[in-house]
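After the structure tokens below, expect a handful of questions from me.
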Amino acid sequence: MESTLFQHAAARGIRLIETLGWDGAQLVRLDGHLARLACGAAMLGYPCDLDAARARLITAGQGVPARLRMTIGAGGDIAVTSAPMPPAKTKWRVGLADARLNTADPYLRVKSTHRPAYDAARAALPVGWDEVILLNEWGEVADGSISTLFFDCGAGLRTPPLSSGALPGVLRAEIAAPEETLTAADLPRVKLWLGNSLRGLIPAVWCA
């Protein structure tokens with residue numbers, strides 16, 4: 001019997017997404033992306049042929065370094081697109097988004113095209129900023145619009161809990177930093193980094 005979540009996702013044409021880099025020699029963190037893809041497919045009830053997904057990515061990842069975006073639909077169909085790698089930056093300027101996340105939203109636990117709060121935050125990105133941080137309904141720091149937040153309050157690298165609304169990022173899983181709750185008031189007072197699998201870990205400057 002189809003789940004309610006599958007019915008919702010399929011009816012709206014929601015697709016699973018994985019975005020990763022081809023560095024000219026290999027697909028970066030490929031196994032991590034496929035593992036997250038499998039979890040997302042299981043959650044939504046989508047069929048997912050991981051061997052076919054791997055083969056499509058390997059075929060697409062040829063030549064110069066590139067950004068690969070793979071999506072999978074409710075029927076298990078796979079699409080892969082390639083684009084130039086985004087320009088590298090040594091530091092990101094980051095501030096607070098107006099959009100909020102609702103921790104009860106099941107789509108926060110899966111990387112998909114259904115990202116209304118993230119899309120709204122990204123669309124409203126102020127000139128000169130590289131990223132914005134989204135809070136949840138309790139005022140806890142949850143996630144960046146396209147990145148995972150990492151911080152250091154003096155006890156080493158930490159990251160917000162998944163329970164605060166953070167996406168289970170591939171880079172986050174690789175770094176495996178301990179979880180710690182952070183509030184908006186803490187952001188100007190801690191060392192910040194932002195990261196995702198495509199760009200790696202980048203130091204951040206808070207824009208009040």
Heavy-atom closest contact (Leu37 atom, Ile72 atom, distance):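 In this case the closest contact between Leu37 and Ile72 is CD2-CD1, 3.6 Å.
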
Salt bridge (charged side-chain N to carboxylate O under 4.0 Å, His left out) partners of residues 57-68, not counting sequence neighbours, each pair once: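 Listed by first then second residue: nothing to list.
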
Residue pair Arg12 / His114, side-chain heavy-atom distance below 4.5 Å: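 No, every pair of side-chain atoms sits at 4.5 Å or beyond.
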
Pair listing, salt bridge (charged side-chain N to carboxylate O under 4.0 Å, His left out) test, anchored in residues 109-134, at least two apart: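 Every pair satisfying salt bridge (charged side-chain N to carboxylate O under 4.0 Å, His left out) with a residue in residues 109-134: Lys89-Asp130, Arg122-Glu131.
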
Closest contact, heavy atoms only, Ala121 versus Ser145: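 Minimum heavy-atom separation between Ala121 and Ser145: CB-CB, 4.4 Å.
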
Nearest non-hydrogen partners of Arg56 and Ile78, listed with the distance: NH1-O, 3.2 Å

Pairs where residues 181-202 contributes a residue and the test salt bridge (charged side-chain N to carboxylate O under 4.0 Å, His left out) is met, not counting sequence neighbours: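 Counting only pairs at least two positions apart or across chains, the salt bridge (charged side-chain N to carboxylate O under 4.0 Å, His left out) contacts touching residues 181-202 are Asp186-Arg189.
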
Heavy-atom closest pair, residues Leu187 and Leu192: O-CD1, 3.8 Å

Any side-chain heavy-atom pair of Leu171 and Ser147 under 4.5 Å: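 The answer is no; the side chains never approach within 4.5 Å.
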
Arg158 side chain to Glu179 backbone, donor-acceptor under 3.5 Å: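 No; zero donor-acceptor contacts below 3.5 Å.
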
Geometric class of the His8/Tyr107 ring pair [parallel <30°, tilted 30-60°, perpendicular >60°]: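 The arrangement is tilted - the two ring planes meet at 30° to 60°.
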
Co-members of the apolar cluster containing Met85 [side chain, <4.5 Å]: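 Met85 shares its hydrophobic cluster with Leu198.
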
Members sharing Val170's hydrophobic cluster (side chains within less than 4.5 Å):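 Traced through the cluster, Val170 reaches no other member.
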
Sub-4.5 Å side-chain heavy-atom contact between Leu135 and Val141: yes

Side-chain heavy-atom pair Asp143, Thr148 within 4.5 angstrom cut-off: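 They are in contact (side-chain heavy atoms under 4.5 Å apart), so the answer is yes.
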
Salt bridge present between Asp31 and Arg54 (N-O < 4.0 angstrom): yes

Min side-chain heavy-atom separation Leu157-Trp193 under 4.5 Å: yes

Remaining members of the apolar cluster that contains Leu108, side-chain heavy atoms under 4.5 Å: Leu101, Tyr118, Leu134, Leu167

Check: Leu57 and Trp22 side chains under 4.5 Å, non-hydrogen atoms: no

